[in-house]
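Single-structure report; data block below.
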Amino acid sequence: MKNRKLGLCCCVALLVFSSCKSLKNAGSADHSNSAPAKQGKKSGNVQFIDGIAVTPGTIVTSKHSSNGDIPGNKKVIYAPPDDVNSTHFNIETADWLQLKYAIVLDASIEKLTNVDLLKIIDHWWGTRYALGGSTENGIDCSAFSLTVERDVYGKSVPRTAQEQYDQTQRVEENDLREGDLVFFHTSGRKISHVGVYLLNNKFVHASTSGGVMVSDLNDTYWRPRYRGAGRIGKL
């Protein structure tokens, strides 16, 4: 009987010991699983390349200024006049060319109403410059201005830049309107370059360096070479 009680006590002790060990192991397992998760938690100190940090809602813009801007002048996006709202323009019905060239011209879409002009510009855009040329294989400045005036406004102008200057009415710069011609002195001749004025100080022309493109009258290259503007009858 005594041996039987001793055996029973041993069994109970063994069971208790095993249960405690299991509980200990279970607790250890819980701690080991939670430890890596705690170590992997983000610290909140986010590092960015070159020290650039962006917070939600921040607008990031380039710090590089345009090469064509006059030194010391801050570039200002075109602000349309107050009469724009009176046109009741619906942006949802805008032609894709209006959207495209609103960016090129830094202008309000509401002001780009001459879609035929935009089509001509887009058709010729990037065509290389060729002295004496008048085709899509190569065109010079006066041939391009002649083409725009003829195909968009139905106006006839002479072939050369000097002749176009001589046969147009002088226009003050503050009175420039779309379709006016702008003239420059870039070489030995009095008038050696011509472009077609658009708006917001921008003009389209066949440049010797970049072909048909849009430039700004205030560009550091064009401003000192500007010689005046001309109007062909009534535009």
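Position 1 is the first residue of the sequence; numbering continues from there.
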Do E173 and Y197 get their side chains close enough for a donor-acceptor pair, meaning under 3.5 Å? no
Within the 3.5 Å criterion, strictly below it, is a donor on Q164 or S142 matched to an acceptor on the partner's side chain?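 No pair is found: no donor N or O on one side chain lies under 3.5 Å from an acceptor on the other.
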Begin from the C-alpha positions of W222 and S215 and carry the test side chain to side chain contact (heavy atoms under 4.5 Å, CB included) through to its verdict. CA-CA 8 Å; W222 295 112; S215 297; 3.7 Å; yes
Which distance, rounded to the nearest 0.5 Å, do you find between the [atom1] of [X] and the [atom2] of [Y]?
X    : Y    : atom1 : atom2 : result
L105 : D216 : CG    : CG    : 10.0 Å
D116 : I121 : CG    : CD1   : 11.0 Å
R227 : S192 : CZ    : OG    : 9.0 Å
L217 : L176 : CG    : CG    : 7.0 Å
E149 : T168 : CD    : OG1   : 9.5 Å
C141 : L146 : SG    : CG    : 11.0 Å

Kindly indicate whether the side chain of [X], heavy atoms from C-beta on, has any atom under 4.5 Å from the side chain of [Y].
X    : Y    : result
E178 : L117 : yes
K111 : N200 : no
V152 : V196 : no
T127 : F144 : no
V204 : L198 : yes
F184 : Y221 : no

Check for me, please, whether [X] and [Y] land in the same ILVMFWY cluster - side-chain distances under 4.5 Å, paths through other members count.
X    : Y    : result
V212 : V157 : yes
I120 : W125 : yes
L131 : V194 : no

Does any pair with a residue in residues 128-145 pass salt bridge (Lys or Arg N to Asp or Glu O under 4.0 Å), and if so which ones, sequence neighbours excluded?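 Listed once each, the pairs are D140-R159.
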Taking the six-membered ring for Trp, are W124 and H205 closer than 6.0 Å centroid to centroid?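 Between W124 and H205, the centre distance exceeds or equals 6.0 Å.
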Minimum heavy-atom separation for [X] to [Y], with atom names?
X    : Y    : result
D175 : V171 : O-CG1, 3.7 Å
V104 : K202 : O-CE, 4.3 Å
I139 : A143 : CG1-CB, 3.6 Å

For Y165, enumerate each residue passing the ring pair (Phe, Tyr, Trp, His ring centres under 6.0 Å) test, keeping only those at least two apart in sequence or located in another chain.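 Ring pair (Phe, Tyr, Trp, His ring centres under 6.0 Å) check on Y165 returns F183.
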Are the side chain of [X] and the backbone of [Y] linked by a donor-acceptor contact shorter than 3.5 Å?
X    : Y    : value
D122 : L97  : no
D180 : R177 : yes
Q98  : L112 : yes

Could you go step by step and tell me if Y226 and F203 meet the ring pair (Phe, Tyr, Trp, His ring centres under 6.0 Å) rule? CA-CA 12 Å; Y226 179 71; F203 64 99; 8.5 Å; no
Option passing side-chain contact (heavy atoms from CB on, under 4.5 Å) with I191 (candidates H185, E163, Q162): Q162
Check against side chain to side chain contact (heavy atoms under 4.5 Å, CB included), Y101 and I109: CA-CA 8 Å; Y101 284 95; I109 296 174; over 6 Å; no
